[in-house]
Each structure stands twice: as C-alpha cells, then as structure tokens.
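Here's the structure, in structure tokens; my notes come after.
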2 protein chains.
Amino acid sequence: MAIQSIQRALDIICLFSKSRPTCRLTDIANRLGLKISTVHGIVSTLEQNGFLQYDSHLRQYSIGSKIFELGAHFSTNLQVNLHARDYVQTLAERTGCSNRIGIWDKNSVLITLFAFPEGVTTSVHNIGPRITPYCTAIGRAMLAFMEEDDCMAYLEQEKIVRHTKYTLTTIDAILDDLEEIRKRGYAINRGELTWGRAGLAAPIWGPGEKIEASLAVIGATERILGENINNLATELVETVSMISDSLGYNPGQ
Amino acid sequence: MAIQSIQRALDIICLFSKSRPTCRLTDIANRLGLKISTVHGIVSTLEQNGFLQYDSHLRQYSIGSKIFELGAHFSTNLQVNLHARDYVQTLAERTGCSNRIGIWDKNSVLITLFAFPEGVTTSVHNIGPRITPYCTAIGRAMLAFMEEDDCMAYLEQEKIVRHTKYTLTTIDAILDDLEEIRKRGYAINRGELTWGRAGLAAPIWGPGEKIEASLAVIGATERILGENINNLATELVETVSMISDSLGYNPGQ
DNA sequence: CCTATTTTTTCGATATTATCGAAACTATTT
DNA sequence: AAATAGTTTCGATAATATCGAAAAAATAGG
C-alpha cells in the first residue's frame with residue numbers, strides 16, 4: 001500500500017538517531033539492502049530539500065535543518081505544551097526539581113516539554129527522546145488510566161527488560177502497580193530504569209476524558225523519594241489538575 | 001533528477017507551517033496541483049510512518065511526531081549548540097536579557113538555541129523559526145563577516161521590505177551598515193523588523209575561520225539601546241569569543 | 001608520486017510501480 | 001432526506017524508479 005520510493009526515503013531518514021547521527025551512502029545501502037545507485041537518487045532528493053545535509057568533505061549525511069524546522073511546529077502546536085508551559089515552570093520553581101511532559105505515541109512516551117528548576121535555562125535540549133513506558137513513572141501514569149485493551153496491547157508487545165533491581169519484570173507485577181497508581185493518583189518510579197534516578201508522575205486529562213499527556217517530577221532518588229515525597233506528590237497532582245482544567249477536562253460529563 | 005514521488009512527498013510535508021498547522025487532503029491536492037488519489041497514496045505512506053498525523057474526526061493532517069523526534073537530533077548534534085549552551089545561560093543571567101543563537105541556512109537564519117533570563121523556563125519554544133537576515137542583528141552579524149560573494153548572492157535574491165521606519169531598504173544602505181559592523185565588532189538592530197524590539201549580535205567562529213553561527217541579545221528597544229548598550233555589547237563580544245574558542249577557532253592560522 | 005582500492009556519481013535500458021480516472025464510500029450541509 | 005463535498009479503493013496504463021555497468025572521484029597504500 002505504501003509507495004515504495006517514499007517508504008524507502010522515510011526508512012533512510014529513520015536510520016539517523018542520537019546514537020547514529022551520521023551515515024555514509026554505502027552504509028545506508030547496506031543497512032537497508034538497497035542498491036547504491038538507488039540510495040543515491042533518494043538521498044540526493046532529500047538533501048536538495050534540506051531533509052538531509054551532506055558533508056562533502058567527510059562524505060556523510062545527517063539530519064537536515066528542514067526536519068528541525070518542521071519538527072518545531074509539532075511541539076509548538078501541541079495543545080498540552082501550550083497549556084502546560086506556565087504550570088510546569090511554577091512546579092519546577094516550587095519543588096526545585098526538573099519536570100517534564102510526555103505524550104503517548106506509538107507504544108512509547110515522547111518527551112515534548114522540559115522545565116528546569118534553577119535560574120536561567122536554554123531551550124532545545126532534553127526534548128525529543130522516547131521513553132520506555134513500563135519502567136518509568138511518566139509511562140505508567142498513562143498506562144494506569146488508559147483503556148485496558150490499549151494497555152494490554154502495549155504490554156504484550158513490549159520486550160520487558162530488567163534494568164535495575166527495582167525493575168518490575170512481569171506483566172502481573174506491572175498490572176498490580178497500575179492498580180496502586182489508580183488508587184494513589186500518581187505513579188512512582190523507584191529507580192527502575194536508571195540507578196539512583198526516581199520520579200513521580202500523574203496523567204494530564206483533556207476534553208472527553210481523554211489522556212493527553214503525563215507530567216513527571218524527576219531527580220535523584222533521595223530527592224524524590226525522601227521525606228519530601230508527599231509534598232512533591234501534592235504539588236504534582238495539583239499541577240496536572242490545573243493543566244487538565246486548562247485543556248477543558250470536564251470529569252462530570 | 002529528483003525522484004518525483006519523493007519530491008512530492010517532501011513538498012507536501014513542507015506545506016505545513018506555524019501559520020498553517022493543518023491541511024486537508026483536498027487542500028493539499030489543490031495547492032500542489034496533484035490528483036487527489038495521488039496525494040492520498042503519498043499522505044497515507046507519510047502517516048503510516050509517523051511523518052504526518054491524521055485526525056480522522058476533523059479529517060485533517062498535521063506534522064507527525066516522528067519529524068519532531070528526528071528534528072530534535074539536529075539541534076542536539078549541532079556543535080555550536082553543545083558548546084554555546086553554558087555560555088548563553090551565563091550571558092542571560094548577567095545581562096537579564098533573552099538571547100538566542102542562529103545558524104546561516106538557505107539564505108535565512110535558523111534559530112537553534114534560546115536562553116531566557118528570568119527564573120524557571122521551559123524548553124521547546126522559540127526555536128525553529130527562520131529569521132530574515134538583512135533586517136535583524138543576528139542576520140547582519142553573519143552577513144558582515146561571510147564571504148562577500150555569498151553576501152551579495154543573498155542580498156540580490158532577497159526581497160527587501162520596509163517593516164518599520166528604521167528598516168534599511170537599499171542594498172547600499174545595508175552594505176554601509178555591514179562595514180560599520182565589521183569596524184564595531186557587532187551588529188545593532190534598532191527596531192528594523194518589529195517596532196520596539198531591538199538586538200545586538202555578533203558572529204561565532206569555528207575552526208578554519210568559518211562562521212558557525214550568530215549570537216543575539218534581544219529585548220525591548222529601551223532595554224537594549226539604552227545607557228546599558230556598551231555593557232551589553234561587551235558581554236556579548238566576550239561571550240562569542242569564548243564560544244568561538246570552545247569550538248576551536250584559531251584566528252592565528 | 002603513482003597505483004590500487006574504495007566510494008560516489010552518472011547514464012540508459014527495462015520492468016516495476018506510481019499515477020490517474022472512475023466508481024464506491026463516507027461525511028457534511030441544507 | 002437529498003444533495004453536495006470530501007475520501008478511499010481499485011485496476012489499467014504509461015510514466016518513472018530501479019538496476020547494472022561504467023565513469024569519476026577520493027582515499028589509502030607502497
């Protein structure tokens with residue numbers, strides 16, 4: 001159904017990632033099992049349009065500025081980003097912790113907004129990466145409240161990996177935790193993905209009782225899970241409530 | 001030379017912008033002069049791959065999350081962003097003014113980094129847009145120091161428009177200003193693009209005496225051009241010098 | 001500095017495949 | 001409910017993407 005040449009072009013673009021920022025022509029052809037001359041035609045078209053950029057000295061391609069420019073539109077237009085901006089700033093200020101917003105996208109959590117606690121900050125960093133849902137607070141906060149079928153569909157296709165001794169490694173253990181999240185109102189990550197890094201997260205609701213996103217307060221384990229945890233949780237839950245209101249959430253409906 | 005179907009796919013993606021965040025199938029076909037069934041095949045392929053997203057209720061397409069994710073790699077991998085980050089934070093702190101970094105790209109300035117002065121701030125906003133070079137400090141700071149041929153090639157293709165009474169509207173006036181910038185070491189925008197908004201900017205150099213980017217301090221006219229202008233300019237010039245050093249600029253070569 | 005090797009670019013023939021029109025289907029408006 | 005506007009499917013056809021081969025360019029080796 002997909003148009004072959006376009007599919008190949010998109011496959012090529014998707015080869016690039018944080019861990020593989022550049023590719024050479026031959027690499028691309030080998031990785032995708034295509035003829036070099038075929039790849040050459042495709043990458044030339046992509047380069048002419050600014051979707052890839054070519055370093056003719058190093059003879060390697062990387063993501064082009066056009067994709068950056070277009071990608072910025074995505075987050076700029078994202079409703080939850082627009083509504084959450086001020087609230088997450090305040091939250092970072094009051095808690096002294098970084099926090100971030102992610103949306104559920106293709107069985108992963110895509111980070112779309114990041115707020116830092118201290119003083120001056122720069123835009124651009126810390127957004128864009130995809131987070132694994134089952135072993136993070138930001139992910140489980142959404143899993144706990146989404147349609148059960150969608151949740152199971154996700155869990156059944158996910159490759160569950162033990163990252164630390166705290167990682168929940170069975171679907172049953174995760175489902176039990178989701179039940180606790182529903183009772184508690186927010187999710188807790190006790191260092192399941194990265195040793196020493198913890199988080200609290202709660203879902204952001206939109207109109208039609210639809211989960212729009214998830215907001216997480218993150219930081220060193222002792223900072224998040226220490227004596228301050230109840231304060232953090234209260235601030236978090238109040239913040240997601242205000243953002244949800246702003247988005248038009250109307251639980252009475 | 002370009003592959004037709006891919007070219008069309010890219011043209012479709014490029015239809016989306018901040019001012020036109022969504023498009024319907026028929027719109028796309030009309031705008032690009034293509035048959036609806038042709039467009040349908042292309043947008044379906046793009047949607048399947050997350051390059052576009054489709055709201056089946058509103059029946060309209062918008063930029064997909066995949067482009068956002070890939071675009072983030074561009075700015076993450078950008079050398080000047082990596083090196084400048086800490087310096088622009090300090091600059092914002094010391095001056096109390098917002099500042100931003102842009103790179104020269106396709107006859108425009110693409111904003112890749114933004115630093116805010118006050119308190120807590122969020123990432124993501126303010127990056128991505130393209131700025132018109134001739135009527136901004138961030139643009140003229142690069143024009144003044146780039147290869148003269150490139151500068152003239154840009155100026156001759158640019159459609160020069162009067163935005164305010166301060167806008168320089170002839171190539172000669174712009175060239176005179178560029179000469180002043182070279183003497184002075186930094187560019188000044190006295191409200192040429194937007195009434196009441198001013199900026200100071202200076203170029204960032206990389207290895208091989210190549211202009212990597214431009215750094216601008218921006219704000220309300222009275223804040224930038226008032227009695228504090230010399231302090232701002234000094235801070236700015238010191239900052240670009242440190243960033244250039246960090247990038248490996250070696251003017252002695 | 002020249003040769004060998006690897007990588008990239010060009011080009012034309014061929015068959016694959018993108019395109020188009022038409023028709024079926026769906027949604028919206030009056 | 002009917003009419004209009006917009007979307008999706010499908011198969012025939014001709015346009016065009018693909019491929020192999022050869023030329024060109026760049027790097028590595030001697």
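Each chain gets a letter, A, B and so on, in the order the sequences are listed, and its residues count up from 1. Being a predicted model, the structure only gives us computed values, none of them experimental.
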Side chains of A:S5 and B:S5: donor-acceptor distance under 3.5 Å anywhere?
yes
Just N and O in the side chain of A:H40: are any of them under 4.0 Å from OP1 or OP2 of C:dT8?
no
Please, which pairs that meet ring pair (Phe, Tyr, Trp, His ring centres under 6.0 Å) have at least one residue in residues 127-148 of chain A, sequence neighbours excluded?
A:F145-A:W205
Nearest-Å distance, [atom1] ([X]) to [atom2] ([N])?
X	N	atom1	atom2	result
A:I36	C:dT8	CD1	C1'	8 Å
B:L46	C:dA18	CG	P	13 Å
B:H57	C:dA27	NE2	C1'	11 Å
A:R59	C:dT5	CZ	P	17 Å
B:Q60	C:dT28	CD	C1'	15 Å

Can you give one letter per nucleotide of nucleotides 11-24 of chain D, 5' to 3': B if a protein heavy atom sits under 4.0 Å from the base, S if only from the sugar-phosphate, - if neither?
-----SSSBB----
Bend angle of the helix from C:dC1-D:dG30 to C:dT30-D:dA1, end axes from five pairs each (to 10°)
60°
With the threshold set at 4.0 Å, does a side-chain nitrogen-carboxylate oxygen contact exist between B:K66 and A:D105?
no
Any residue of residues 19-33 of chain B with a heavy atom less than 4.0 Å from an atom of DNA chain C:
none
List for me each residue that meets side-chain contact (heavy atoms from CB on, under 4.5 Å) alongside B:K18, sequence neighbours excluded, and say none if there are none.
A:H73, A:T76
Output side-chain donor-acceptor pairs under 3.5 Å for residues 22-37 of chain B, partner residues at least two apart or in another chain, one line each.
residue: B:R24; atom: NE; partner: B:R59; partner atom: O; Å: 3.2
residue: B:D27; atom: OD2; partner: B:R24; partner atom: N; Å: 3.4
residue: B:N30; atom: ND2; partner: B:T26; partner atom: O; Å: 3.3

